[in-house]
2 protein chains.
Amino acid sequence: MVATRPYADALARLRATKLRPTRQRLALAKLLFSGADRHVTAESLHKEARANRVRVSLATIYNTLHQFTRAGMLREVIVDSTRSYFDTNTSHHHHFFCEQSQLLEDIPSGAVSVGTLPPPPRGTSISRIDVVIRVHPR
Amino acid sequence: MVATRPYADALARLRATKLRPTRQRLALAKLLFSGADRHVTAESLHKEARANRVRVSLATIYNTLHQFTRAGMLREVIVDSTRSYFDTNTSHHHHFFCEQSQLLEDIPSGAVSVGTLPPPPRGTSISRIDVVIRVHPR
DNA sequence: CAATAGTTTAGAATCGTTCAAGAGAAAAAA
DNA sequence: TTTTTTCTCTTGAACGATTCTAAACTATTG
């Protein structure tokens, strides 16, 4: 079962936060949540905004990505030590990452099962488990 | 069972590559491989070198970390999108990462089992699987 | 020892990202 | 509505990690 009307959901969540529904945030939410789940970087989203005649500064892209992440609308994925990726799919799942093409792809939740878990270091609790399957073109 | 004489092993591998055993590379290999397995960043290794009166430029630290990685003496671990970490333990294993302290810790190989694996994207093969268990102070 | 090929260095350059201050827009108060 | 307050956006500067450049240096080879 898949979430329906993701854009509407995102708008609802936007309203639920203290974030004002500004022109920029609405436009970016529309780009991000209108279709299927996707992955963006600040740069790729900026390009896409310009291509859609949405005038937004790069600083606002960064701010918005972080605000949406804090609001639970996006999830940051760490697969590359030079760039940040954001995933519109915030449910628990893992990733394929092709270092060659720099492309990130979701692994359907449940397709990977992590079996045994060691106890976390003294004084800490687990906040999340990230599995990244790195692939290369055959 | 643990690898013995890790420093000697590293020297042997250094010789096996085309890398010349320069003062800088020998000193860094000694720092990296003389004790137990460890994690470093370019900056942390540079500090440590200075503390041990090893005169090395930061550029050389970066070059050396990458050369050692290519030679299979180090493994790059991606857990942070702003810094690169290098692990002297190159065997297949996973990590705990505390975002608060920025500390990385090995998970003994075998302590985590990844069960089902989905087929990789069309035209690609798996090059490696990284599991990062993110933790926070309780 | 001389010649060559690889290495190191300081400093400049680059990249992704964040910061700062002023201009602008939305919300709240009057 | 108008005013006031608060938040947001923008540009451009600043930043931290990393890479590049070109010259000085060092290991290896003949």
Side-chain angles (χ1 to χ4, degrees), chain A residues 11 14-32 39-50 52-71 73-74 76-86 97 99 102-104, chain B residues 11 13-32 39-50 52-71 73-74 76-86 97 99 102 104:
Chain A
L11 287 189
L14 221 191
R15 273 185 223 106
T17 70
K18 305 287 187 179
L19 298 175
R20 292 177 180 176
T22 63
R23 171 178 68 73
Q24 291 85 340
R25 291 209 267 246
L26 291 170
L28 293 177
K30 187 160 192 177
L31 289 177
L32 287 168
H39 301 97
V40 299
T41 62
E43 195 52 47
S44 77
L45 183 57
H46 193 215
K47 269 207 190 68
E48 183 178 346
R50 291 192 61 67
N52 285 79
R53 290 176 187 67
V54 175
R55 288 174 53 263
V56 204
S57 72
L58 187 55
T60 295
I61 299 274
Y62 277 103
N63 288 336
T64 304
L65 287 173
H66 289 136
Q67 290 156 350
F68 283 10
T69 299
R70 252 182 276 126
M73 298 158 64
L74 291 176
E76 188 171 359
V77 183
I78 296 177
V79 284
D80 183 316
S81 56
T82 70
R83 230 178 307 287
S84 287
Y85 287 76
F86 295 86
F97 182 63
E99 307 217 356
Q102 310 254 291
L103 246 53
L104 193 58
Chain B
L11 287 189
R13 265 187 290 181
L14 220 192
R15 273 185 222 104
T17 69
K18 303 287 187 181
L19 298 175
R20 292 178 179 176
T22 62
R23 171 178 68 74
Q24 291 86 338
R25 291 208 266 246
L26 290 171
L28 294 178
K30 187 159 192 178
L31 288 177
L32 287 168
H39 301 96
V40 299
T41 63
E43 195 52 47
S44 78
L45 184 57
H46 192 217
K47 269 208 190 67
E48 184 178 346
R50 292 191 61 67
N52 285 77
R53 288 176 190 67
V54 176
R55 287 174 54 265
V56 204
S57 73
L58 188 54
T60 295
I61 299 275
Y62 276 104
N63 288 337
T64 304
L65 287 173
H66 288 137
Q67 290 157 349
F68 283 9
T69 299
R70 251 183 277 125
M73 299 158 65
L74 292 176
E76 187 172 359
V77 183
I78 296 177
V79 285
D80 183 317
S81 55
T82 70
R83 229 179 309 285
S84 286
Y85 288 76
F86 295 85
F97 182 62
E99 307 217 356
Q102 310 255 286
L104 195 57

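So that the names make sense, note that chain A is the first sequence line, chain B the second, and so on, each numbered from 1.
Here CD of Gln67(A) is found 9.5 Å from OG1 of Thr69(A). Values are rounded to the nearest 0.5 Å. Remark: Leu45(B) CG to Glu43(B) CD distance equals 10.0 Å, nearest 0.5 Å.
What separates NE2 of His66(A) from C1' of dT8(D) is a distance of 17 Å, to the nearest Å. As rounded to whole Å, 11 Å separates atom P of dC7(D) from atom CZ of Arg25(A). The CG atom of Leu19(B) sits 15 Å away from the C1' atom of dT26(D) (whole-angstrom rounding). For the pair Leu28(A) CG and dC9(D) C1', the computed distance is 12 Å after rounding to whole Å. Separating the CG atom of Leu14(A) from the C1' atom of dA26(C) is a distance of 14 Å, rounded to the nearest angstrom. Spacing between atom CD of Glu76(A) and atom C1' of dG16(C) amounts to 12 Å, rounded to whole angstrom units. Rounded to a whole Å, the CZ atom of Arg20(A) is 9 Å from the P atom of dA26(C).
Counting only heavy atoms from C-beta outward, the side chains of Arg83(B) and Gln102(B) approach each other to under 4.5 Å. The shortest distance between side-chain heavy atoms of Leu65(B) and Val40(B) falls below 4.5 Å.
Panel note: side chain Arg25(A), backbone Thr64(A); no donor-acceptor pair is recorded below 3.5 Å. With hydrogens and angles disregarded, a donor-acceptor distance shorter than 3.5 Å links the side chain of His46(B) to the backbone of Val56(B).
For dG6(C), neither phosphate oxygen OP1 nor OP2 lies less than 4.0 angstrom from any side-chain nitrogen or oxygen of Thr22(B).
Residue order along DNA chain D, read from the 5' end via each residue's closest nucleotide, puts Lys18(A) first among Thr41(B) and Lys18(A).
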Quick one: which protein N/O atoms are closer than 3.5 Å to N/O atoms of nucleotides 10-17 of chain D? Pair and distance per line, please.
from    : atom 1 : to       : atom 2 : distance (Å)
dT10(D) : OP1    : Arg55(A) : O      : 3.3
dT10(D) : OP2    : Ser57(A) : N      : 3.0
dT10(D) : OP2    : Ser57(A) : OG     : 3.1
dT10(D) : OP2    : Thr60(A) : OG1    : 2.6
dA17(D) : OP1    : Arg83(B) : NH1    : 2.9
dA17(D) : O3'    : Thr82(B) : O      : 3.3

